[in-house]
Amino acid sequence: MTISAVDATQELAVFLRTRRERLDPADLGLPARRGTRRTPGLRREDVAELAGVSVDYVVRLEQARGLRPSADVLEALARALRLAPVERAYLFDLAQRRPRTTGSPATTAAPPLAQLVTDLSPLPAMLLNHRYDILAWNREMAALLLDFGTVPPARRNAMWLCLAHPEIRARYADRERVVRDGVAHLRAAWAAHPQDRRLSGLITELLSNDPEFALLWAERDIASGGRGHKVVHHPEVGQVRLGAEVLAPLHDPDQRLLLFRPADEESRAALSRLSGV
């Protein structure tokens, strides 16, 4: 399978259909309809009624017949389909109703951001772009996960490393969730950057070579960076529990600053041993 630049009309159609099919009419207070349901979820008639549009309009959207819904219609569809905020943003991206960022995606860290990553020591920190390319890291992050300087620049991608690098695969105790979150992030980035050929190429490679990625990609989950927790198994200091923070610089909104904080005193001591403090 080859992923090209986003076919927004087709993806919008599939996304609306999958989100409709996951909803239970009873949960929305809709009356039961006569007849045996052949497909799960809401009917198109239900979505049309909840969103205040015609059934024909919903049909044409789901058949990718070239419609470009307005922001008001998208808002109504998002409410009708009970979309989470990140899914709503994805919907607006597919319909090209959100402002696009200007310029090319960063492939290197701006010097002030690279210095910030270093200055965050002794907390492990690294800087990524929207593709999950690793642009900068400090020595604590290298000690905790991997010395990314030993990885060829073309492979310094957090998603690829988590799927394919033996050392990283063994690090995360909650690796399945980490991978699932990463795939959901890439799908959101793919819609937000429809002409990013390098991102499309990365996704194509992962779809072709990694069945786990292909399965998760087909689920069409959407996510964005934020706050979370990680558990790392380190061969020298054992289990390390971490709180994760993901921050977006105002001047470089497509980049993400990831930093880890110890979640308990044992993890704090383990990080201190790794950093030599």
Side-chain angles (χ1 to χ4, degrees), residues 101-175 178 181-182 185-186 189 193 196 198-199 202 224-277:
T101 57
T102 58
S104 301
T107 56
T108 59
L113 290 177
Q115 185 61 51
L116 176 60
V117 170
T118 299
D119 292 346
L120 283 168
S121 297
L123 295 178
M126 64 179 171
L127 185 71
L128 307 99
N129 63 15
H130 66 277
R131 304 185 197 107
Y132 272 159
D133 294 335
I134 301 168
L135 307 181
W137 61 94
N138 61 13
R139 63 187 183 92
E140 287 80 8
M141 186 64 84
L144 178 67
L145 293 181
L146 178 70
D147 182 358
F148 301 112
T150 65
V151 178
R155 288 306 188 192
R156 288 180 198 159
N157 178 275
M159 186 79 261
W160 184 88
L161 290 169
C162 199
L163 288 166
H165 195 286
E167 193 170 339
I168 292 293
R169 285 179 61 91
R171 276 289 196 271
Y172 288 111
D174 51 351
R175 179 186 166 279
V178 171
D181 289 348
H185 167 89
L186 280 186
H193 299 271
D196 187 343
R198 287 185 59 181
L199 177 58
L202 171 66
S224 62
R227 180 172 296 151
H229 299 278
K230 299 285 188 291
V231 180
V232 170
H233 288 313
H234 195 279
E236 296 179 15
V237 299
Q239 182 171 279
V240 186
R241 296 183 178 275
L242 303 160
E245 297 283 348
V246 181
L247 309 175
L250 287 175
H251 289 290
D252 300 278
D254 285 328
Q255 296 185 39
R256 297 292 182 267
L257 178 64
L258 169 64
L259 61 97
F260 291 140
R261 297 180 299 169
D264 51 44
E265 289 305 314
E266 292 81 1
S267 299
R268 187 180 305 278
L271 288 180
S272 295
R273 292 197 300 274
L274 281 176
S275 63
V277 176

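Source: prediction; values computed, not measured. Numbers for residues simply follow the sequence, beginning at 1.
A search for salt bridge (charged side-chain N to carboxylate O under 4.0 Å, His left out) contacts involving Arg171 returns Glu167, not counting sequence neighbours. Partners of Arg156 under the salt bridge (charged side-chain N to carboxylate O under 4.0 Å, His left out) rule, at least two apart in sequence or in another chain, do not exist in this structure. Among residues two or more places apart in sequence or in another chain, the side chain to side chain donor-acceptor pair (under 3.5 Å) test is passed with Arg268 by none. In this structure His233 satisfies the side-chain contact (heavy atoms from CB on, under 4.5 Å) test together with Ala173, Gln239, sequence neighbours excluded. The side chain to side chain donor-acceptor pair (under 3.5 Å) check on Glu266 picks up nothing, with sequence neighbours excluded.
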field: Verdict with supporting geometry, Phe260 and Met141, side-chain contact (heavy atoms from CB on, under 4.5 Å)
entry: CA-CA 9 Å; Phe260 291 140; Met141 186 64 84; 3.7 Å; yes
- request: Take Leu259 and Leu247 through the side-chain contact (heavy atoms from CB on, under 4.5 Å) test and state the conclusion after the steps.
  value: CA-CA 8 Å; Leu259 61 97; Leu247 309 175; 4.2 Å; yes
query: Stepwise, does the side-chain contact (heavy atoms from CB on, under 4.5 Å) test hold for Arg175 with Leu163?
result: CA-CA 9 Å; Arg175 179 186 166 279; Leu163 288 166; 4.0 Å; yes
query: So Val232 and Leu145, side-chain contact (heavy atoms from CB on, under 4.5 Å) or not? Walk me through it.
result: CA-CA 8 Å; Val232 170; Leu145 293 181; 4.3 Å; yes
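Between the CD1 atom of Ile134 and the CG atom of Leu146 there is a distance of 8.0 Å, given to the nearest 0.5 Å. Summarising the geometry, atom CZ belonging to Arg241 is positioned 7.0 Å from atom CG belonging to Asp264; distances are rounded to the nearest 0.5 Å. Here the CG-CG distance, from Asn138 to Leu120, works out to 7.0 Å after rounding to the nearest 0.5 Å. Between atom CZ of residue Arg139 and atom CG of residue Leu274 there is a gap of 10.5 Å, rounded to the nearest 0.5 Å. Here Lys230 contributes atom NZ and Asp181 contributes atom CG; the two are 6.5 Å apart, rounded to the nearest 0.5 Å. How far CD of Glu140 is from CG of Leu271: 9.0 Å, rounded to the nearest 0.5 Å.
Applying the ring-ring contact (aromatic ring centres under 6.0 Å, His included) test to residues at least two apart or on different chains, the pairs with a partner in residues 140-173 are Trp137-Phe148.
Tested against Leu135, the residues Thr108, Asn129, Leu257 include a single side chain to side chain contact (heavy atoms under 4.5 Å, CB included) partner, Asn129. With Pro124 as the partner, the side chain to side chain contact (heavy atoms under 4.5 Å, CB included) test is satisfied by one option alone out of Leu258, Leu144, Leu242: Leu144.
Panel note: side chain His193, backbone Arg131; no donor-acceptor pair is recorded below 3.5 Å. Under a 3.5 Å cut-off, the side chain of His130 and the backbone N or O of His185 do not form any donor-acceptor pair.
Within a 6.0 Å sphere centred on CZ of Arg261, heavy atoms belonging to other residues, nucleotides or ligands number 12 at most.
When all heavy atoms of Ala270 and Val240 are compared, the closest pair comes out as CB-CG2, 4.0 Å. Nearest heavy atoms, Ala109 versus Ala136: CB-CB, 4.0 Å. Pairing each heavy atom of Ile168 with each of Cys162, the nearest pair is CG2-CA, 3.6 Å.
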